[in-house]
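The structure under discussion appears below in the form of structure tokens.
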Amino acid sequence: MKRIFLVGYMGAGKTTLGKLLADRLNFEFIDLDLYIENRYHKTVGSIFAEKGEEEFRLIENNMLHEVGEFENVLIATGGGTPCFHDNMEYMNRRGITVYLKTTPEVLHRRLKIAKGKRPLLKGKSDQELMDFICMNLERRSPMYEKSVLVFNADKLDTYEELEHSVNLLAELILERLGTDYR
Ligand SMILES: Nc1ncnc2c1ncn2[C@@H]1O[C@H](COP(=O)(O)OP(=O)(O)O)[C@@H](O)[C@H]1O
Ligand SMILES: O=C(O)C1=C[C@@H](OP(=O)(O)O)[C@@H](O)[C@H](O)C1
Ligand SMILES: [Mg+2]
């Protein structure tokens with residue numbers, strides 16, 4: 001079953017780490033948000049604004065089921081993906097799920113500078129952002145924790161840290177896949 005799903009909160013590093021990890025494992029990289037944006041010719045932000053979150057979650061569910069049919073792919077999901085519809089169960093049936101786990105403090109530091117293109121965070125003050133992350137992460141964690149693998153993704157800030165994390169995670173996944181792709 002050569003299909004990997006990265007899950008975790010916004011800012012956990014699914015997109016950043018995912019790209020490098022896919023290269024390392026020789027898997028095709030798919031970012032679910034980008035896949036949706038290409039298909040709908042709209043940004044995630046404008047889908048939220050024009051159709052609302054409920055409609056976005058239906059689109060996300062449909063597109064997940066589409067990419068979940070592909071082989072040899074590493075899919076970076078959106079932070080909310082595991083928390084709606086049958087998505088988490090579906091991913092666990094279709095491949096290896098990996099939870100990129102991060103503390104609220106690290107997420108806050110990253111998202112402070114990257115909240116603009118995330119509709120759920122837009123316009124929040126620093127304090128509001130911290131409160132939202134803590135509350136929302138607590139609610140979502142039980143879904144993330146259903147992943148097959150859990151990986152600490154707090155250290156992705158420098159190139160060295162990122163490379164180290166990619167190496168560690170690649171080892172973990174290769175072990176799980178039971179096949180040597182190196
Ligand atoms: N090149 C970069 N320069 C500065 N910060 C970055 C860079 N790449 C990622 N980050 C930070 O790390 C966070 C994690 O990025 P991302 O991979 O987009 O997370 P996710 O896909 O899980 O939401 C970003 O929101 C940003 O704060
Ligand atoms: O957590 C969420 O509900 C969302 C996370 C985003 O993806 P990232 O986790 O890549 O930021 C994107 O799918 C959308 O803005 C909603
Ligand atoms: Mg992302």
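Read the numbers this way: they start at 1 and go in the same order the structure lists the ligands and their atoms.
Residue Lys14 has at least one nitrogen or oxygen atom sitting less than 3.5 Å from a nitrogen or oxygen atom of ligand 2, judged on distance alone. Checked by distance only, ligand 2 and Lys117 stay at 3.5 Å or farther apart across all their nitrogen or oxygen atoms. The N/O atoms of Phe48, backbone and side chain alike, include none that comes under 3.5 Å of an N/O atom in ligand 2. Polar contact check, Arg140 against ligand 2: a nitrogen or oxygen pair lies under 3.5 Å apart. Ligand 2 has a nitrogen or oxygen under 3.5 angstrom from a nitrogen or oxygen of Arg118.
In terms of protein heavy-atom proximity, atom 14 (C) of ligand 2 is closest to Val44 CG1, 3.8 Å. Remark: minimum distance from atom 16 (C) of ligand 2 to any protein heavy atom is reached at Arg57 NH2, 4.0 Å. With hydrogens left out, the protein atom closest to atom 13 (O) of ligand 2 is Asp33 OD1, 2.8 Å, a heavy atom. Among all non-hydrogen protein atoms, the one lying nearest atom 2 (C) of ligand 2 is Gly80 N, 3.3 Å. Scanning all protein heavy atoms for the shortest distance to atom 15 (O) of ligand 2 gives Pro119 CD, 3.4 Å.
Close contacts of ligand 2 with Leu120, meaning ligand atoms under 4.0 Å from a residue heavy atom, involve 2 (C), 3 (O).
Around atom NZ of Lys112, more than 12 heavy atoms belonging to other residues, nucleotides or ligands sit under 6.0 Å away. With a 6.0 Å radius and a threshold of 12 heavy atoms from other residues, nucleotides or ligands, His65 has its NE2 atom above the threshold.
A donor-acceptor pair shorter than 3.5 Å cannot be found between the side chains of Thr81 and Asn87. In this model, a donor atom of one side chain and an acceptor atom of the other lie less than 3.5 Å apart for Tyr9 and Asn136. A side-chain donor from one of Asp131 and Gln127 sits under 3.5 Å from a side-chain acceptor of the other. Side chain to side chain, Asp154 and Thr102 fail the donor-acceptor criterion of an N or O pair below 3.5 Å. Side-chain N/O atoms of Arg3 and Asn72 include no donor and acceptor closer than 3.5 Å.
No donor-acceptor pair closer than 3.5 Å links the side chain of Ser46 to the backbone N or O of Lys42. For Arg24 (side chain) and Ala170 (main-chain N/O), no donor-acceptor pair under 3.5 Å exists by modelled atom type. Although no hydrogens or angles enter the test, the distance criterion places no donor-acceptor pair under 3.5 Å between the side chain of Asp86 and the main chain of Glu89.
The cationic group of Lys124 lies under 6.0 Å from the six-membered ring centre of Phe132 and within 45° of the ring axis, placing it in a cation-pi geometry.
Metal site remark for the Mg ion (ligand 3): Thr15 contributes an N, O or S atom at a distance under 2.8 Å.
Residue-level contacts of ligand 1 at the 4.0 Å heavy-atom threshold are Tyr9, Met10, Gly11, Ala12, Gly13, Lys14, Thr15, Thr16, Arg110, Ala114, Arg118.
Contact of the Arg118 side chain with the Leu111 side chain is registered, since non-hydrogen atoms from C-beta on lie closer than 4.5 Å.
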